[in-house]
S.K.: 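Quick one: this structure, given as structure tokens, is what I'll be asking you about.
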Amino acid sequence: MSQDITVKVPATSANIGSGFDALGLALSLYNEVSFRKTDEGGLSLVVEGLGQGKITTDFERNLVGQAMLRAALVNGKALPKNGVITLFNRIPLARGLGSSSAAVVGGLLLGNELTGRGMDETQILHEATLMEGHPDNAAPALLGGLCMSVTDEKKKVSVQTFALDEGLSFITVSPDKEVRTADARAVLPQTIDYHAAVFNVAHVAFLVGAFIGKRYDLLRTGLQDKLHMPYRLPLIPGGAEALAAAEKAGAVGATVSGSGSTLIAFAVKGEEQIAQAMKDVFKSVGLASVHHILKACNDGAQIVREDKR
Ligand code: HSE
């Protein structure tokens, strides 16, 4: 008898308007990473779902493989010699929905399971943040809910999490346009105007209050941002118009998800119409898009062990 181990990791939406590099939330769309022991053949990696044929299956170059190796290094134990690692991907790639964090968190959790579980949740988050560069996707991918993260000079992360309500829907619309995070960070200024900083402090506090108090009518105000949105929206053709269309169609707020190109709208009703309104704008600028109507994932990443004969 052997055991298959599967790690299920949610998509995430980082920033949430005014919470640049600090806020993130987990969504009910999941990638899975599983391990099946074999008697021979070494360690191999298979990609199914999104990215099949595009994502490398070379274990040492694949992000999941790299995260598994990192877990093994931290735990001071070797990964099993033989086995198949299967990635089943549903999170759109390079679209601002946390696909790379899902890979890192999935790989660290699976690697930790296979090398003695030496790391606790805090260490896994620390390693994920080091690999990602910032915690705003990694924290919700691991912990679920709405996460508010701060990092100290040594990159040590402290997180508060808050479970989001089932009544709130998240409509993600991903246009057929990749935006690399590095490119979306390259357009940001090196310094920021004092008034812009004060504006964001006020708005992010207001935004978190709106989520916690379930005052979804206030989300639109809290989402306003002067740190990244003005520089990044131009990277998404039709982006500004699609955000306006979402609100016109009944969304209580809408913003860029992570560094884009996905847009995320928040709603308590009329989800299909909101998605359609946003997709119509992308279509008008020649971009196909995929959408998801999601709820919050408040549990974060899950590990499932199944006995196999
Ligand atoms: N906070 C990050 C950014 C998220 O907006 O650049 C993307 O990794």
Side-chain angles (χ1 to χ4, degrees), residues 9-27 29 31 51 63-64 66-67 89 91-108 125-152 155 157-161 170 172-175 177-192 196-197 199-201 203-204 207-208 222-236 239-240 243 253-264 301:
V9 191
T12 51
S13 183
N15 300 330
I16 322 179
S18 50
F20 179 62
D21 274 0
L23 292 187
L25 55 83
L27 296 165
L29 177 71
N31 280 0
L63 197 50
V64 172
Q66 289 171 352
N89 294 333
I91 305 172
L93 298 162
R95 292 291 189 285
L97 282 171
S99 60
S100 75
S101 275
V104 165
V105 167
L108 286 170
L125 179 58
H126 178 68
E127 293 300 326
T129 303
L130 290 178
M131 286 185 77
E132 281 278 288
H134 31 78
D136 49 347
N137 282 113
L142 182 66
L143 306 172
L146 172 69
C147 293
M148 296 147 260
S149 310
V150 292
T151 337
D152 69 14
K155 293 254 178 204
V157 187
S158 300
V159 188
Q160 293 192 68
T161 62
F170 305 88
T172 63
V173 180
S174 309
K177 166 142 182 78
E178 273 190 21
V179 173
R180 290 178 50 240
T181 299
D183 296 336
R185 292 187 88 84
V187 298
L188 301 177
Q190 292 295 311
T191 56
I192 201 86
F199 179 96
N200 266 66
V201 169
H203 282 76
V204 75
L207 179 69
V208 171
L223 288 168
Q224 289 179 48
D225 163 82
K226 288 188 190 286
L227 299 186
H228 65 115
M229 291 283 287
Y231 310 100
R232 286 174 161 183
L233 253 186
L235 302 179
I236 308 171
L243 293 181
T255 188
V256 173
S257 181
S259 56
S261 60
T262 295
L263 304 183
I264 183 166

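Counting convention: from 1, in listed order, for ligands and their atoms alike. The figures here come from the full heavy-atom set of this structure, side chains too, leaving out hydrogens, waters and symmetry mates.
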S.K.: Strictly by modelled atom types, are Thr181 and Ser259 linked by a side-chain donor-acceptor pair under 3.5 Å?
M.R.: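 Note: Thr181 and Ser259 side chains meet the donor-acceptor criterion.
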S.K.: Just to verify, what does His126 make a ring pair (Phe, Tyr, Trp, His ring centres under 6.0 Å) with, not counting sequence neighbours?
M.R.: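 Partners of His126 by the ring pair (Phe, Tyr, Trp, His ring centres under 6.0 Å) criterion come out as none, since no residue qualifies.
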S.K.: How would you list all residue pairs meeting salt bridge (charged side-chain N to carboxylate O under 4.0 Å, His left out) that involve residues 13-24, not counting sequence neighbours?
M.R.: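 Every pair satisfying salt bridge (charged side-chain N to carboxylate O under 4.0 Å, His left out) with a residue in residues 13-24: Asp21-Arg185.
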S.K.: Against Leu25, only a single residue in Ser257, Ser13, Pro10 fulfils side-chain contact (heavy atoms from CB on, under 4.5 Å); can you say which?
M.R.: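 The option that passes is Ser13.
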S.K.: Quick check for students: name every N or O atom pair between ligand 1 and the protein closer than 3.5 Å, with distances.
M.R.:
from     : atom 1 : to     : atom 2 : distance (Å)
ligand 1 : 1 (N)  : Asn15  : OD1    : 2.9
ligand 1 : 1 (N)  : Asp21  : OD1    : 2.5
ligand 1 : 1 (N)  : Asp136 : OD2    : 2.5
ligand 1 : 5 (O)  : Asn15  : ND2    : 2.7
ligand 1 : 5 (O)  : Arg232 : NH1    : 2.7
ligand 1 : 5 (O)  : Arg232 : NH2    : 3.3
ligand 1 : 6 (O)  : Arg185 : NH1    : 2.5
ligand 1 : 6 (O)  : Arg232 : NH2    : 2.8

S.K.: List for me each residue that meets side-chain hydrogen bond (donor to acceptor under 3.5 Å, both in side chains) alongside Glu132, sequence neighbours excluded, and say none if there are none.
M.R.: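 So Glu132 forms a side-chain hydrogen bond (donor to acceptor under 3.5 Å, both in side chains) with Ser100, Ser101.
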S.K.: Looking only at non-hydrogen atoms, find the nearest pair between Leu207 and Ile16 and report the distance.
M.R.: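 Closest pair (atom of Leu207, atom of Ile16, distance): CD2-O, 3.2 Å.
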